[in-house]
S.K.: 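Below: one structure in C-alpha cells.
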Amino acid sequence: MELDMEGMDVNWLAVLAATLIGFVIGFLWYGPLFGKQWMAASGMTEEKAQQGNMAKIFGFSFIFQALMAVCLAFFLADPSIGLQEGAYYGFLTGFGWVAPAIAITSLFEQRSWSYISIHASYWIVVFTLMGLILGAWK
C-alpha cells in the first residue's frame, strides 16, 4: 500500500488556531455556559479546582489539543476538502469517535448522563470547529 502525500500540505497556523479553539470553547463551556452543571456532575468544587496545578493542566491540555488538531489536519489535508466538508468530518470525529469513547468510559465509572452529555457535546463542538478551521484554511 502506497500513501501519496503530494498536494496534502498542512497549514500549521490553521493547526494552531484549531488547537486554541478548544481553549476558547472550553473556557465558555466549563465556565459561564455549563460550569455549574459540570461541577455538580463531576463532583468538582471551587476549592478542589483551585488546588490543581494549573501550569501542568493547561500545558498538557495544550499538547493534547495540538495532537488532536495535527491528526485531524492530516485527515483533512486533501485539497478537495473545504470548510463544509471539514466541519462535517470534524463533527463526525466528535460525534462518532470521541463522544462514544467518553460515554463508554463514563458508563464504567458510573457517571451520570449529565456528565456524559456535558463532556461529549463539548468535544463534538470542538471537533466540528477544528474541522471547519482546518478545512477552510488551506
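Quick note: numbers below take in every heavy atom, side chains included, and nothing from hydrogens, waters or symmetry partners.
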S.K.: Could you tell me the separation between the CD1 atom of Ile133 and the CD1 atom of Ile21, rounded to the nearest 0.5 Å?
M.R.: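 Answer rounded to 0.5 Å: 4.5 Å.
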
S.K.: Check the hydrophobic clustering (I, L, V, M, F, W, Y; side-chain heavy atoms under 4.5 Å; chains of links allowed) and say if Phe95 and Val125 are grouped together.
M.R.: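 In one cluster with Phe95: Val125, yes.
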
S.K.: Between Leu76 and Glu85, does a side chain to side chain contact (heavy atoms under 4.5 Å, CB included) hold up when you go through it step by step?
M.R.: CA-CA 9 Å; Leu76 302 179; Glu85 296 87 1; over 6 Å; no

S.K.: Step by step, would you call Gln65 with Val126 a side chain to side chain contact (heavy atoms under 4.5 Å, CB included)?
M.R.: CA-CA 10 Å; Gln65 288 269 9; Val126 168; 4.2 Å; yes

S.K.: Same cluster for Ile116 and Ile118 if Ile/Leu/Val/Met/Phe/Trp/Tyr side chains link at under 4.5 Å?
M.R.: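 Per the 4.5 Å side-chain linkage, Ile116 and Ile118 are not co-clustered.
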
S.K.: Quick check: is Phe27 connected to Trp38 through a chain of hydrophobic side chains (ILVMFWY, heavy atoms under 4.5 Å apart)?
M.R.: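 Result: yes, single cluster for both.
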
S.K.: Is it true that atom OH of Tyr89 has more than 12 heavy atoms of other residues, nucleotides or ligands lying nearer than 6.0 Å?
M.R.: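 No, OH of Tyr89 has 12 or fewer neighbouring heavy atoms, counting only those of other groups under 6.0 Å.
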
S.K.: For atom CD of Glu109, decide whether the heavy atoms of other residues, nucleotides or ligands shown that lie under 6.0 angstrom number more than 12.
M.R.: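 Enclosed.
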
S.K.: Can you measure from OH (Tyr115) to CD1 (Ile102) and round to the nearest 0.5 angstrom?
M.R.: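 So the OH of Tyr115 and the CD1 of Ile102 are separated by 8.0 Å.
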
S.K.: Considering the options Tyr30, Phe23, Phe34, which one meets the ring-ring contact (aromatic ring centres under 6.0 Å, His included) requirement together with Tyr122?
M.R.: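 Answer to the ring-ring contact (aromatic ring centres under 6.0 Å, His included) test with Tyr122 among Tyr30, Phe23, Phe34: Tyr30.
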
S.K.: When you group the ILVMFWY residues by side-chain heavy-atom contacts below 4.5 Å and let the links chain together, are Val24 and Phe64 in the same group?
M.R.: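 No: no chain of side-chain contacts under 4.5 Å links Phe64 to Val24.
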
S.K.: Looking only at heavy atoms, which two atoms of Gly96 and Pro100 are closest? And how far apart?
M.R.: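 Nearest pair, atom of Gly96 first, then Pro100: O-CG, 3.4 Å.
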
S.K.: I'd like to know whether CD of Gln84 has more than 12 heavy-atom contacts from other residues, nucleotides or ligands below 6.0 angstrom.
M.R.: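 No, CD of Gln84 has 12 or fewer neighbouring heavy atoms, counting only those of other groups under 6.0 Å.
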
S.K.: How many angstroms lie between atom CD1 of Ile81 and atom CZ of Phe75, to the nearest 0.5 angstrom?
M.R.: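 It comes to 10.5 Å.
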
S.K.: Return the minimal non-hydrogen interatomic distance between Ala73 and Val10, and the atom names on each side.
M.R.: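 Ala73 and Val10 have their closest heavy atoms at CB-CG1, 3.9 Å.
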
S.K.: Just how far is it from atom CH2 of Trp29 to atom NE2 of His119, taken to the nearest 0.5 Å?
M.R.: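 Those atoms lie 11.5 Å apart.
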
S.K.: For Trp113, does the CH2 atom have more than 12 heavy-atom neighbours from other residues, nucleotides or ligands under 6.0 Å away?
M.R.: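 Incorrect, the count does not exceed 12.
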
S.K.: For the hydrophobic clusters of this structure (ILVMFWY residues joined by side-chain heavy atoms under 4.5 Å, transitively), does one cluster hold both Leu72 and Trp137?
M.R.: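 Yes, same cluster.
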
S.K.: How far does CE of Met130 sit from CD1 of Ile25, to the nearest 0.5 angstrom?
M.R.: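 Met130 CE to Ile25 CD1: 10.5 Å, rounded to 0.5 Å.
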
S.K.: To check you understand the geometry: which heavy-atom pair defines the closest contact between Phe91 and Thr128, and what is its length?
M.R.: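 Between these two residues, the closest heavy atoms are CA-OG1, 3.2 Å.
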
S.K.: Measure the CG-CD1 distance between Leu92 and Ile124 for me, rounded to the nearest 0.5 Å.
M.R.: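 Output value for this atom pair is 10.5 Å.
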
S.K.: Closest approach of Val15 and Ala69, non-hydrogen atoms and distance?
M.R.: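 Shortest heavy-atom contact: O-CB, 3.8 Å.
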
